[in-house]
Every structure is written in C-alpha cells, then in structure tokens.
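Because the structure is predicted, anything quoted here is derived from the model rather than measured. If you read the sequence from its start, that first residue is 1, and numbering goes on from there.
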Amino acid sequence: MQKLLFFIGCCLLYAGQINAQSQPSKTDYADLVNPLMGTDSKPSLSNGNTYPAIGLPWGMNLWTPQTGRMGDGWAYQYTADKINGFKQTHQPSPWMNDYGAFAIMPITGKVRFEEKDRASWFSHKAEISRPYYYRVYLADEDVTTEIAPTERAASFRFTFPKTDSSSVVIDALDKGSYIKVIPSENKIIGYTKRNSGGVTENFKNYFVIVFDKPFDYVYTYKDGQLTQADEQSCDHAGAVIGFKNTTKGEQVHAKVASSFISFDQANQNLKEIGADNFETVKNKAHKTWNDVLGKVEVSGGTPEQLKTFYSCLYRMVFFPLKFYEINAEGKAVHYSPYNGKIEPGYMFGGTGFWDTFRALYPFLNLVYPHIVREMQEGLVNDYKEGGWLPEWSAPGYRNIMIGNNSASIVAEAYIKGLRGYDINTLYQALIHDANNEGPMQAVGRAGVKYYNELGYVPYDVHINENAARTLEYAYDDYCIYTLGKALGKPASEIDIYRKRAMNYKNLFDPSHLLMRGKNKDGQFQSPFNPFKWGDAFTEGNSWHYSWSVFQDVQGLIDLMGGNAKFTGMLDSVFVMPPTFDDSYYHGVIHEIREMQIADMGQYAHGNQPIQHMIYLYDYAGQPWKTQYWARETMNKLYKATPDGYCGDEDNGQTSAWYVFSALGFYPVTPTSTEYATGAPLFKHAKIHFENGKTLVIDAPGNTASTRYVESTRFNGKQYTKNYLDHFAMQKGGLLEIKMSETPNKQKGTAKSDAPFSLSTVKN
C-alpha cells in the first residue's frame, strides 16, 4: 500500500511538473527594456540622444547616472568611463537641457566634493539598467549604488567597503542653491534654482534626503570651499555627510523626494515610500512598469525585435512628466511656471508638440487615454495661467521649433472620445493662439498676419522657416475646424479654418512638384534648391517637407498630377543620393549626417517631418510599398542597443513610429479617426484598451521574408481598406492578416480604400 501511494505521489508530482512546464510564464515586459538604447550619442551624431531614465511612467522625477559635467545636456554618454553623480533629472532632451536637477554621489576615503574629484571609473559589465531599477559598481570607491523610484521620490542603497571614511555627496548645483544638514534627523534638505528657462524668478526644486544611519561627520560646500557649517545659501551649495568604520558589504539607505512647491510638500512626497524598504520600492516600480507596458502584448518575433519594441514603448510613457503634486488633502496642486504661484489642478512639462503630435499623442489617446485626460486639464491650466498654450514646454514656454501644433493635441483628444474636462476653454485657446503672435516665435503663430491675409508666410519678410510654418499652420487649421465642428460651432465661425486648411496649395510649385518658399509679391523664392536644409524649412529640405499635408493627402496627389506621378515622387525619395546643401546652417547639423549615413537616399527618418511619408502609398493605391518600406525602416534603423536609433528619439515620437508600425498601422492624420495601414512585425499582438476591450492582431505567417499583406479579415469579414478606424478598433475583436513574400497588387487599390483626406469629404 505504501509503495502504491508512493507511486501515485510520484506520478502526481511528475504530472504537476509537466503541467508547470507546459504553462507559458508571464512575460516580464520591463526586463525586455534596454534603457541604454540610444545613449551612444554626441552632438555631431545622434543615435537617440537618450539617457537611462529610471522612474515611473509619467512620473514627476527621473534619475540617471551622470557622466557629463554640471550643465551639460549630454548627461550620460555610453562611451564615457566615469560617473560623477546620480542626478534627479527632468531633462526632455540634451538640446533643451535640464531644470530642477541635483545629484548624489557616494565616495570613500578623502572627503571631496568637486565633480572631477569625485568621479569614479565604471564599466557597463558591472551596470544593470532597468526602467524600475539601476545598479552600478563604482570602482574607484569600491561602492555599489542602487536606485529604485516612485513618481516623486526614490530609494537609494549604497553598499560600502570596510573603511574609516564612507561619505555621500549631495550637490545642489550652481545658479543659486541652498543646503542644510540636520544630523539629529539623519536628514539633508535643500533646493536648486538651476533651470534652462521657461520658469519664473521664484522657481525652486526643494528636496529632502533621509538616511537610515547617523552621520559621523558633516561638511557643507559653498562656492568652491568645504566648510563645517550645517547650512549654506549661495551660488553653488552642497554637502558631504559621512560614516566612520563601515564594514565590508554594509548597506546604507537613503530616501529622497522633491517638490516644486515647498519643503513641506517634499516631505509629503516622501510618503510615497513611507516605511517601504528598498526591495519593496523596487518591486512596486517593477509591477507598475509591467502593468503599463503590458497594455500592449506582442509575441512571435525575434528576441531582438521584442527588446526593441518594449524599449521603444518605455520611451513613449515618460514625457510629458507630471508637474503636479498631491497635497496633504489628497488634491492635485502645482507650482505654475507662468505666474510663480501655487495653483490647483494638473500640469505637465517637458515635451515639444512639433515632435510628438505626429504619433506619440495618437498612441496615448489610443492606449492610455486616462493620462491624456489629465494632460488636457493641464493644458487648460497652462492657458489660464500663462495666456497661451505651450508648443514646447520645459516646464513653461520655450522658444524653439515652429507651428501651432497644440491644436492637434487638443483636437485629437476630443475627436477620439475623451471627455470630462473644459474643452470649451481649450477651443477658445486654439482660436486665440491661431490668430495672434505670441510672446516668442514658438508660441502662438509667428507671421500670422501674412498667413491670414496671403494664405502663406512669405519667404522675404525675415520670418525663418516660413514654408514649414505655412504647412503646419494649415494642418493646425484643419484641427481647429474639426474640433469646432464636433463642438457644434456655427459655420460662420469655423469655415474660415477649413478654407485655411487648404493653404498648403499656395506653396506648391508645379514645375518641381514640390513645396517652395514664396515671396510676399506672390513669386516663388529663387534660386530654389530642393536639397537645401533649413531656410524655408525646419530641419529638413523640400523633399522632406513637401509631404506635410497630413489633412489632405488626396489634395496633394491631385496637385502632383495623380497617383502615378505621386508614387513616382515617393519612390524618388529612396533612390536619390543623400545630397544636401547645409549653407543655411553653415555646417553639417546632426540631422543631415544621420540622413547621409542611413543609405536610404533622401529619406531622413532621424527627424520628424518625413516620418509619415512611407504611409502615403496607401492613399495612392500602392499599399504594398508602404508595407515594404515600413519593414525596411524597422529592420534597418531600430535596435535595442546603445546606437539603436537613427536620430534624436525626441520624447517618444521616434519610438512611437516604431511601435505603431510594428503593430501594422500609423496615424498620418492624428485629428481624424483613421490610421493608415502597413504590415505588422509580429505574429501576434494584443492591445488592451482602457474600456476593457481587447484587439487581437494575428499574423501567424509573419517571418523575415513575408513583409507583404496578402489579405485581411476583421472580425471574420474580408477587409480591403488601407486604414483602420479608431472606434472600430476600440470595440475590440480579431484582425487576421495573411502575410506573403510577394505583394498583392490588387488589394487596397480602389479609391474608396484610401484613408481620410479633407478634400474628399463634403462640408
């Protein structure tokens, strides 16, 4: 009997093991992410211009190891040998630089403060970088540093060696800072005023740091000198606190939080950690990342493709950062960068709409609408407190890039179903900003008087990048018209914006079939070099910007003479050599170099203006070329490695192109409900919408050699369109795609298969 029971038990145990082995383990999406993707960059050549951002999705603060010097926008470069601190950062890009940053650095031996003196050699072999966790061994100090984040706080763990002098440097940076050490509470408080613009004079980032070990010695730093005072207020303040006789492997913990409001609020934000130990903070952050990334499940690709997909998705859910805090009453409040007051409600900072209106915000609207709703409420507050909508916020108005693309951000959210915020105030903001020059060129509309009177911004009136402005204003006018129509505004009010949405036609040169700057007298600017970067265009040339008719691709096809000529022009982009004229910039800017070395002709995917162009074949009856070039671009220009991008990543936009394209569709016209289709990269994908529905995308025949779509079925019915509808997808269902090694040149060729164009829609 005992033998029988033993035999049965063994069988049950074996069966359990077999069953366990047959059950697929849940994918750890966060551990597929490589935060170092894009960090092998420099000013002359961008492979992403990213840094390893350790934080939570849309959190207020990020953390990064710092290899660059104080004030250097290139905070972390993969090729660097030394780390000089771990910086709390809000930097959206190296070109915009940082605001509210301060740094922490462990050292051993002689007490020292300066960056060059405290910098330590490190190796990527002894570095672990995850979205929710960072660890590195600092060789010169024999110290391991670990970081785990919350939205507004972070937990640090330092593992020290056996020594009689283990210290931690707190650097509040220059340009105005304050530090105070409170030994009785194992605490340091301070603030930094350092910023790169876009704030009022009273801007401060207050921080509080609490250690779990009493201080044996304290120094403070004042403008180049270490002193034994407990408090400093000066241009450059800092502190060094230390411990005598640490044992080998001894761990010292620090909890850090900050606030743009006050020290009291920083202490309130520290409650995000509360009594949690380091591992608990880390595990909670890990779970948060898997929850957010797991809204989109892909499988059936190579390990490298999976890593690239989730590394891109990780980049898409940081910016804009939350610029609001939760007070003791549980209410959202924020420091206003516009008036310097503490105001109620949401606010976000750190994004440029010129980049992100194209694909990043469409993806947020599709998959994460809850955060977009908060962002829309934040835009209401931007307008009420500052008088204008931001076009590039970091955290307030910044004078960079062109366009009035807040119109797309506002209109798209409402058109795609978001409600519960003050849309009427936002509509009035769009009307206001579209008809006025702002306090700087990048706010409101530079050249608006000319644009409204002539239908374009002239080349010869000393307004730079005039043709690009005209094209973007025309799209923005379409957005205003579309939103006004959805809100039931009278035709007498909104029809002017529909008319202006056609202003792109005023710059079309039929002799070149390209867009061209035009003088005030109605004559095209001359001489005209379509390969000249800048001048009439923004970080691109006419071959890049001539496709910026997001709202009316069919109208552009008609101007070019029909589908054959239009697709011939698209084809030309890829077959021409990467010729360029850099005379406007007096040198080769990195965007030019990135186009030149990509071996894709004039296709400059490393910058935003042309990124949608591949999908325009859908409008002209040749969707198989969209499928080919989308796959080619994904394969060639993206990889989850330090050199994994082909230009600036730009706050999630370049990543969003990849994620959308890997799923098989793309928002050429964000403020419409249609997405142009390509071909999926993976065999299987699931998008879990916030309404509880799931869209399954199945392409089981997907391989490296099958990049073309043979046929499509949507919820069991044959589907021939070259677009997918936003609301149809959000109802969930099954999209079945049969892939092929050869193009199906009959599918999607009818005019009715083309995605939305304004000129084909009746008023």
Side-chain angles (χ1 to χ4, degrees), residues 60-63 70 85-90 98-107 111 113 147 149-158 167-195 199 202-223 225-243 252-276 281 325-328 333-335 340 342:
M60 191 175 83
N61 306 320
L62 303 172
W63 288 89
M70 176 173 56
F86 300 92
K87 184 173 75 163
Q88 187 194 90
T89 179
H90 311 93
D98 216 337
Y99 59 90
F102 62 94
I104 299 172
M105 180 69 178
I107 59 173
V111 172
F113 183 88
I147 310 171
T150 70
E151 285 193 342
R152 299 170 185 85
S155 183
F156 277 73
R157 181 163 64 191
F158 305 108
S167 309
V168 179
V169 174
I170 297 93
D171 191 344
L173 307 190
D174 63 353
K175 308 300 183 185
S177 51
Y178 168 80
I179 203 88
K180 182 178 181 180
V181 182
I182 309 171
S184 62
E185 301 179 41
N186 304 339
K187 180 186 286 189
I188 300 102
I189 65 171
Y191 62 70
T192 175
K193 295 182 177 181
R194 198 177 225 284
N195 66 84
V199 295
N202 66 340
F203 169 82
K204 293 183 178 75
N205 186 26
Y206 302 86
F207 58 84
V208 56
I209 307 171
V210 180
F211 286 82
D212 67 348
K213 184 178 177 69
F215 308 152
D216 292 320
Y217 51 85
V218 170
Y219 295 89
T220 56
Y221 179 86
K222 180 179 181 180
D223 298 337
Q225 297 293 325
L226 279 173
T227 77
Q228 291 189 309
D230 287 345
E231 186 174 13
Q232 300 290 354
S233 179
C234 53
D235 178 70
H236 188 177
V240 182
I241 58 91
F243 318 105
V252 176
H253 299 82
K255 297 177 180 179
V256 186
S258 66
S259 168
F260 296 109
I261 294 172
S262 67
F263 285 122
D264 285 344
Q265 184 61 45
N267 281 304
Q268 180 68 27
N269 293 343
L270 195 61
K271 293 179 181 178
E272 290 184 353
I273 297 178
D276 289 349
V281 174
E325 305 171 49
I326 306 301
N327 66 16
V333 292
H334 63 270
Y335 152 81
I342 308 306

### Task
Measure up the Phe263 and Tyr191 rings against each other and bin them: parallel (under 30°), tilted (30 to 60°), perpendicular (over 60°).
tilted
### Task
For Asp264 and Gln268, test the side chains for any donor-to-acceptor distance below 3.5 angstrom and give the result as yes or no.
no
### Message
I'd like to know if the side chain of Asp235 and the backbone of Asp223 have a donor-acceptor N/O pair within less than 3.5 Å.
### Response
no
### Message
Under 3.5 Å, is there a donor on one side chain and an acceptor on the other for Ser258 and Asn61?
### Response
yes
### Query
Are any of the side-chain nitrogens in Lys180 or Asp230 under 4.0 Å away from the carboxylate oxygens of its partner?
no
### Message
Please tell me whether Thr192 and Ser177 have a donor and an acceptor in their side chains that are separated by less than 3.5 angstrom.
### Response
no
### Test item: side-chain donor near acceptor, Glu272 and Thr150, under 3.5 Å
yes
### Query
Considering the options Glu151, Arg152, Glu325, which one meets the side-chain hydrogen bond (donor to acceptor under 3.5 Å, both in side chains) requirement together with Asn269?
Glu325
### Query
What's the shortest heavy-atom distance between Phe215 and Ile182, and which atoms?
CE1-O, 4.5 Å
### Query
Does the ring centre of His236 sit less than 6.0 Å away from the ring centre of Tyr221?
yes
### Summary
Rounded to the nearest 0.5 Å, the NE2 atom of His90 sits from the OH atom of Tyr99 at a distance of 6.0 Å
### Task
Give the C-alpha distance, both sets of side-chain angles, the deciding distance and a yes or no for side-chain contact (heavy atoms from CB on, under 4.5 Å) between Val252 and Phe243.
CA-CA 10 Å; Val252 176; Phe243 318 105; 3.9 Å; yes
